[in-house]
Protein chains: 4
Amino acid sequence: MTATATEASAPRLRADASRNRERIVNAAREALVELGPDVPLDEIARRAGVGNATVYRNFADRRELVHHVACSVMRRVSEHARAAMAEEADAFQAVVRFTLAAAEEQISALCPLVSEHADPNHPELAQAGEELTALVTEVITRAQQAGAFRTDVGVGDYLVAVTQLTRPLPGTGCLTAEGWSRRHLLILLDGMRAPARSELPGRPAGMEDLKRP
Amino acid sequence: MTATATEASAPRLRADASRNRERIVNAAREALVELGPDVPLDEIARRAGVGNATVYRNFADRRELVHHVACSVMRRVSEHARAAMAEEADAFQAVVRFTLAAAEEQISALCPLVSEHADPNHPELAQAGEELTALVTEVITRAQQAGAFRTDVGVGDYLVAVTQLTRPLPGTGCLTAEGWSRRHLLILLDGMRAPARSELPGRPAGMEDLKRP
Amino acid sequence: MTATATEASAPRLRADASRNRERIVNAAREALVELGPDVPLDEIARRAGVGNATVYRNFADRRELVHHVACSVMRRVSEHARAAMAEEADAFQAVVRFTLAAAEEQISALCPLVSEHADPNHPELAQAGEELTALVTEVITRAQQAGAFRTDVGVGDYLVAVTQLTRPLPGTGCLTAEGWSRRHLLILLDGMRAPARSELPGRPAGMEDLKRP
Amino acid sequence: MTATATEASAPRLRADASRNRERIVNAAREALVELGPDVPLDEIARRAGVGNATVYRNFADRRELVHHVACSVMRRVSEHARAAMAEEADAFQAVVRFTLAAAEEQISALCPLVSEHADPNHPELAQAGEELTALVTEVITRAQQAGAFRTDVGVGDYLVAVTQLTRPLPGTGCLTAEGWSRRHLLILLDGMRAPARSELPGRPAGMEDLKRP
DNA sequence: AATGAATGAGGGTTCATTCAT
DNA sequence: AATGAATGAACCCTCATTCAT
């Protein structure tokens, strides 16, 4: 059994099983963004073109599925951060580019899911989060060091505000992301440019302020 | 006075019944903001300290309860708009004051409810919405005419962006409103000050762009 | 207190209370016939123009209300039996007349109620039933003794068959009684005339066969 | 064979699922006849030996279940009509045989269901009804043409009267069908024999008179 | 005495999850 | 391994009945 050898280390999936897994995660992302966090798992199975039990074979429960969807999105957004820093000469322009790219991934639509419907302490999710966090921090810090980004605005402020502005508009499918959110993000970023036009209450929020007890 | 007028049509409520009705609406607002639009009505009843059927006696179904919660909040926010215009000499400062006051009413938490869980065409709700809309438009327009507010930002832009920034942060109770949203709102408003610091794509969104087919 | 004297013996009702009682019984009969045995008591109260609790003040529960409705109808039908025998010379014609009169009282609509929703052993109901039974038996027996009514058909047969034919036609309000049931009753009665046109299985059913264990 | 054809459109049921479906329909027929049209679906599930949700998997709601029960019974009764005409030489005897056979299927118990608890316009139900109607009309018409059946009694009269006589006696399980209804049906049929023994008010009711607006 | 309001138990229905094929 | 079917828990809502005015 040559196959058995590899199975031991990381139970390597059969080709079709692996394909199913991916289709489920993609279907889940779409369905979650479109129908919200309470979308029936049967609906996800239907979109993926598999039986509902197959979802459970791959993901023990909803939390685990959400977990993988979140990891997947975070990794893609991290890529955007790397690309923005590598390819944009102007530090503030890198912030703008990254912000718009992240918005298109609808990363924010997944935030409600993570906190409520997945375990934020899971190592894999934590690691994807930390990597993303580090990259975002770098993007922002560079712009601040270039004197283009207000220093009374922290990375935590940036992340939460951007997330909020790109969340799907309530009673709609999710159309805002495509249509308006670009305008609103740019307005917000204008407000984040140095010099500051007003005095903010409280202190700049860092990443550590996002942790919840 | 004004309250009595609103409910004048009903044959006059008994003292205790009236108290219950109010407790239910208040419990509903809290629960809706805290647990989201799918909060079980039994939970609302529990918080209000009444049996579940009492909720149904007062409000035929979830839609009707949401309807009343929404009307109630809208009226209070309209009051804030009037006060801001009456008491603030500086036109932009009126925008700031109104924005922060509306945020504290958590009006944004109710938007998802109205669009999905109530009938936006109900006369009472429509009227409350129109009154609020007219007032917000006035607040913004005054600031624009004073040369303090970007003219490439419309009332629709303002409303959606502010709504988004004040929505309860997903997997949390709702704490963001109190804590951070003030900072984010002020940053956004800084981005809305004239002169514009960047060029926005698309056209300013007016109130009419909020209507959905 | 001249009034008090009479109250002692049989707690004589105040004029308005007595009127209410009667209105409730009448509303109940109508509602029961029209909407079926599961009609909400609130609907009966509404039709009677009283509060729902007034129904309970007069009748401890649904069973008791049904009880009184049944007694009331039975007494009226008994009157028809007496009148038919007194005023019809032909014995079979007395059967016909009584049958049609009873049908118009919709007595049959109430049978389902009595057996299921009231206590058939209650003295008052039992007595009304016995009186009615005795009268019907007399009507039938006279016709048999006159040689006009099949002797292989018993009073029990007659009662059940007539009851069935005059029950409200299922998915309708109750229209059959008025419209068609006259025709069907007359056809049935034609089948009951002597001489018999066929041989029936079993034995003639008497009143005693209606009792159920 | 015939059964398979009926359900041919569905992608093919698993053996156990098919068994369950049938058990549910049978349990439903029994329970509906015994407890009436308001029988809790949980009771039906209990009798069928399945969980309540299984009923919903097979039949979207009560209406759909009733629909299938009604179709099933109608088809069986149509068979009786065909058999009676094929095997009985005497035309009136065919009426008698068919009537008793239909009674044993307790078809009448289902009438209240169809009109109120199912969609009488559903194609499948409508077709089953039309087929049955045509067959019954033929059975009666043949007897009339043979001079054995009153011509002042229409098919509509026949159907309604027979239906009423075979309905389960109200506050009882349903025992009357087996026990007494045979006697009453035969008496009624005696009344329908030619020549007529009395003059009926109104006009003979045809099938078209059963339709309701 | 009579009312309007409050209640709790129960039915219909949906959905996450488990089981048998 | 993958599927379709089965399940029970939870929610919404109604109604008989009791309570406070």
Side-chain angles (χ1 to χ4, degrees), chain A residues 13-18 20 38-45 49-63 65, chain B residues 10-21 24 38-45 48-63 65, chain C residues 11 13-18 20-21 38-45 49-63 65, chain D residues 10-21 24 38-45 48-63 65:
Chain A
L13 289 170
R14 264 173 26 186
D16 58 343
S18 166
N20 270 347
D38 292 330
V39 57
L41 291 196
D42 281 21
E43 170 68 13
I44 294 176
V50 303
N52 60 356
T54 300
V55 174
Y56 282 94
R57 168 164 296 279
N58 284 279
F59 308 96
D61 56 10
R62 174 185 291 267
R63 299 187 73 79
L65 176 53
Chain B
R12 173 91 63 155
L13 234 35
R14 250 167 45 181
D16 56 345
S18 167
R19 204 183 325 120
N20 270 344
R21 216 183 140 84
I24 292 171
D38 292 329
V39 58
L41 291 197
D42 284 20
E43 168 68 14
I44 293 175
V50 302
N52 60 357
T54 300
V55 175
Y56 287 95
R57 163 172 289 274
N58 282 280
F59 307 95
D61 55 12
R62 172 185 293 268
R63 299 187 74 79
L65 177 53
Chain C
L13 291 168
R14 266 173 24 187
D16 57 345
S18 167
N20 270 347
R21 235 183 119 82
D38 293 329
V39 57
L41 291 196
D42 281 20
E43 168 68 15
I44 294 175
V50 303
N52 59 358
T54 300
V55 174
Y56 282 91
R57 167 164 295 279
N58 283 278
F59 308 95
D61 55 10
R62 174 184 290 266
R63 299 187 72 79
L65 176 53
Chain D
R12 173 92 62 154
L13 234 36
R14 249 167 47 179
D16 57 344
S18 166
R19 204 182 324 119
N20 269 345
R21 218 184 138 83
I24 292 171
D38 292 329
V39 57
L41 291 197
D42 283 21
E43 169 67 14
I44 294 176
V50 303
N52 61 356
T54 300
V55 174
Y56 286 94
R57 163 172 288 274
N58 282 279
F59 307 95
D61 55 11
R62 173 185 291 267
R63 299 187 74 78
L65 177 53

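In the text below, chain A, chain B and the rest are named by the order of the sequence lines, each starting its count at 1.
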Straight-line distance of B:Arg62 CZ to B:Asp38 CG, nearest 0.5 Å: 6.5 Å

Rounded to the nearest 0.5 Å, the OG1 atom of B:Thr54 sits from the CD1 atom of B:Ile44 at a distance of 13.5 Å

Using heavy-atom distances to pick each residue's nearest nucleotide on DNA chain E, tell me which of A:Asp61 and B:Val50 is more 5'. B:Val50

Side chain to side chain contact (heavy atoms under 4.5 Å, CB included), that's the test. Do D:Leu41 and D:Leu65 meet it? Break it down for me. CA-CA 10 Å; D:Leu41 291 197; D:Leu65 177 53; 4.3 Å; yes

Using the side-chain heavy atoms of [X], tell me which of these nucleotides is nearest: [options].
| X | options | answer |
| --- | --- | --- |
| B:Pro40 | F:dC12, E:dT14, E:dA6 | F:dC12 |
| C:Ala53 | F:dG4, F:dC19, E:dC15 | F:dC19 |
| A:Arg57 | F:dC11, F:dA2, E:dT18 | F:dA2 |

Would you mind reading off the distance between [X] atom [atom1] and [N] atom [atom2], rounded to a whole angstrom?
| X | N | atom1 | atom2 | answer |
| --- | --- | --- | --- | --- |
| B:Arg21 | E:dG4 | CZ | C1' | 14 Å |
| A:Leu41 | F:dG4 | CG | P | 16 Å |
| D:Tyr56 | E:dA16 | OH | C1' | 18 Å |
| D:Asn20 | F:dT7 | CG | C1' | 12 Å |
| C:Asn52 | E:dA5 | CG | C1' | 9 Å |
| D:Asp42 | F:dG8 | CG | C1' | 11 Å |
| B:Asp38 | E:dT14 | CG | P | 16 Å |
| D:Glu43 | E:dG12 | CD | P | 11 Å |

So which atom in B:Val55 and which in B:Ala45 form the shortest heavy-atom distance, rounded to 0.1 Å? CG2-CB, 3.7 Å

B:Tyr56 meets the ring pair (Phe, Tyr, Trp, His ring centres under 6.0 Å) criterion, sequence neighbours left out, with none

Starting at the 5' end of DNA chain F, which residue's closest nucleotide do you reach first, D:Val55 or C:Arg62? D:Val55

Stems in DNA chain E, runs of 3 or more consecutive Watson-Crick or G-U wobble pairs with both distances under 3.5 Å, sorted by first number, are E:2-21 with F:2-21

So what does C:Val39 touch, heavy atoms closer than 4.0 Å: a base, only the sugar-phosphate, or nothing? sugar-phosphate

